[in-house]
Amino acid sequence: MVTGASRGIGRSIATRLAADGHRVVLVARTADPLEALKGEIEAAGGSAVVSTCDLADGSAVNELIESVVSDEGRLDILVNNAGITRDGLMLRMSDEDFDVVLNVNLRSIFIACRAAARPMMRGRFGRMINISSVTGLIGNPGQANYAAAKAGIIGMTKTIAKEFASKGVTANVVAPGFIRTEMTEALGAGVLEEAAKRIPLKRLGEGDDIAHAVSFLASEGAGYVTGQVLTVDGGMVC
Ligand code: NAP
């Protein structure tokens, strides 16, 4: 299951996991782009189902995982990718903008991982992969809410890794740098060009750069890797 699968990084992850041979549950709020992606995956010989959910609603997240497990009979890989921004400098950031970002970017992941843990333990196999950000490691002016959520993902995932390791369930974080998606396009071409100059690998990342990392962490072969933060940022934080 991949959240935020309708565009950007989540779309690349879902496409990649389907190409790896997994049946993928595509999750976001809006059905049309998910249906279009399902069509593309099937045309390429893969398998996908669509499930709409607003991750801001905790009980909907619980119901989503329950329905995936009851419809599919199992849930092996959970990629918590969906995320939002409500940027603003600290002194001007409203309580509401803090809460909504924490709700969607952190609380929903807690609820999804908690709901997925039992079915994964029953199957003695699980891969929880949570998408954070370099902002969660180093902070960023104007993103106190986002940085708090993304740093929270890291501490929470390390805890999940320790709690479920003995049951064959791993939990890891991927922390992207600047990736070319609608989220970063909103920053404007000038900002992105300047950012690319400061990145040691001299380019912005693509969704596929993140998808490759997720594909590895989701694989059988990554069974001895847990509680890690894999930074995929062209060398920004090293
Ligand atoms: P994006 O292009 O804005 O896509 C966000 C995805 O999340 C969409 O599929 C969106 O679909 C879904 N979504 C948003 N709010 C949702 C909600 N309440 N419930 C369910 N789904 C929701 O974002 P992106 O750039 O691909 O980023 C993906 C993840 O990577 C995020 O967690 C982001 O913080 C992280 N990240 C991105 C970058 C970057 O440079 N792009 C860098 C570091 C980390 P709907 O609108 O239809 O719901």
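Just follow the structure's listing: the first ligand is 1, and inside any ligand the first atom is 1. Side chains included, hydrogens not; waters and symmetry mates left out as well; all remaining heavy atoms used.
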Participant: Would you mind running through ligand 1 and noting each atom that sits below 4.0 Å from a heavy atom of G8?
Facilitator: 26 (O)
Participant: Set out, in order, the CA-CA distance, both residues' side-chain angles and the distance that settles side chain to side chain contact (heavy atoms under 4.5 Å, CB included) for T157 and M128, then state yes or no.
Facilitator: CA-CA 8 Å; T157 306; M128 296 183 187; over 6 Å; no
Participant: Identify, for atom 46 (O) of ligand 1, the protein heavy atom at the shortest distance, and state residue, atom and that distance.
Facilitator: R29 NH2, 2.9 Å
Participant: Ignoring hydrogens, just give me the one of I179, I9, L192 whose non-hydrogen atom is nearest atom 37 (C) of ligand 1.
Facilitator: I9
Participant: Please find the pair of heavy atoms, one from A171 and one from I160, that lie closest to each other, and give the distance.
Facilitator: CB-CG2, 3.7 Å
Participant: Quick test: of every protein heavy atom, which one is nearest to atom 21 (N) of ligand 1, and how far off is it to 0.1 Å?
Facilitator: A28 CA, 3.7 Å
Participant: At less than 4.0 angstrom from any non-hydrogen atom of C53, what atoms of ligand 1 do you find?
Facilitator: 19 (N), 20 (C)
Participant: Could you tell me which atoms of ligand 1, counted from 1 in the order shown, lie closer than 4.0 angstrom to a heavy atom of M183?
Facilitator: 2 (O), 3 (O), 23 (O), 25 (O), 33 (C), 34 (O)
Participant: Around atom 19 (N) of ligand 1, find the nearest protein heavy atom and jot down its residue, atom name and distance.
Facilitator: L55 N, 2.9 Å
Participant: By number and element, which atoms of ligand 1 are closer than 4.0 Å to a non-hydrogen atom of T30?
Facilitator: 45 (P), 47 (O)
Participant: Strictly by modelled atom types, are S132 and N130 linked by a side-chain donor-acceptor pair under 3.5 Å?
Facilitator: no
Participant: Relative to the heavy atoms of T184, which atoms of ligand 1 are at a distance of less than 4.0 Å?
Facilitator: 39 (C), 40 (O), 41 (N)
Participant: For E206, does its backbone N or O pair with a side-chain atom of D209 as donor and acceptor, under 3.5 Å?
Facilitator: yes
Participant: So which of A5, A14, A82 gets nearest to atom 13 (N) of ligand 1, if we judge by its closest heavy atom?
Facilitator: A82
Participant: For ligand 1, indicate whether the residue A175 contacts it via side chain, backbone, both or neither (heavy-atom separation under 4.0 Å).
Facilitator: neither
Participant: Could you pull out all residues at least two apart from R86 that satisfy salt bridge (Lys or Arg N to Asp or Glu O under 4.0 Å)?
Facilitator: none
Participant: I'd like to know if the side chain of T181 and the backbone of M183 have a donor-acceptor N/O pair within less than 3.5 Å.
Facilitator: yes
Participant: In the protein, which heavy atom is nearest to atom 44 (C) of ligand 1, and how far is it?
Facilitator: S132 O, 3.2 Å
Participant: Can you tell me which residue and heavy atom of the protein come closest to atom 33 (C) of ligand 1, and the distance to 0.1 Å?
Facilitator: Y146 OH, 3.4 Å
Participant: Just to confirm my output: which protein heavy-atom neighbour is closest to atom 7 (O) of ligand 1, and how far is it?
Facilitator: G4 CA, 3.3 Å
Participant: Residues two or more places apart in sequence or in another chain: which of them pass salt bridge (Lys or Arg N to Asp or Glu O under 4.0 Å) with E182?
Facilitator: R7
Participant: Tell me the protein heavy atom at minimum distance from atom 38 (C) of ligand 1, and give that distance in Å.
Facilitator: G177 O, 3.8 Å
Participant: Checking side-chain contact (heavy atoms from CB on, under 4.5 Å) between M1 and each of V69, I77, L78, which is the one that passes?
Facilitator: L78
Participant: Suppose we measure from atom 11 (O) of ligand 1 to each protein heavy atom; which comes out shortest, and what is that distance?
Facilitator: S6 OG, 3.2 Å
Participant: Under 3.5 Å, is there a donor-acceptor pair between the side chain of S108 and the main chain of V104?
Facilitator: yes
Participant: My understanding is that we take every heavy atom of each candidate and find the minimum distance to atom 29 (C) of ligand 1. Doing that for I84, V27, N81, which one comes out nearest?
Facilitator: N81
Participant: Heavy-atom pairs closer than 4.0 Å: do any link ligand 1 to the side chain of T181, the backbone, both, or neither?
Facilitator: side chain
Participant: Go through ligand 1 atom by atom and flag the ones less than 4.0 Å from a non-hydrogen atom of F178.
Facilitator: 40 (O)
Participant: Does any N or O in the side chain of N81 come within less than 3.5 Å of the main-chain N or O of I13, such that one atom is a donor and the other an acceptor?
Facilitator: no
Participant: Look only at the side chain of D233 and the backbone of M236, and say whether a donor-acceptor pair between them is shorter than 3.5 Å.
Facilitator: yes
Participant: One thing to verify: whether E42 and K38 come together as a salt bridge, which I'm taking to mean a side-chain N less than 4.0 angstrom from a carboxylate O.
Facilitator: yes
Participant: What part of K150 sits under 4.0 Å from ligand 1 if we count only heavy atoms: the side chain, the backbone, both or neither?
Facilitator: side chain
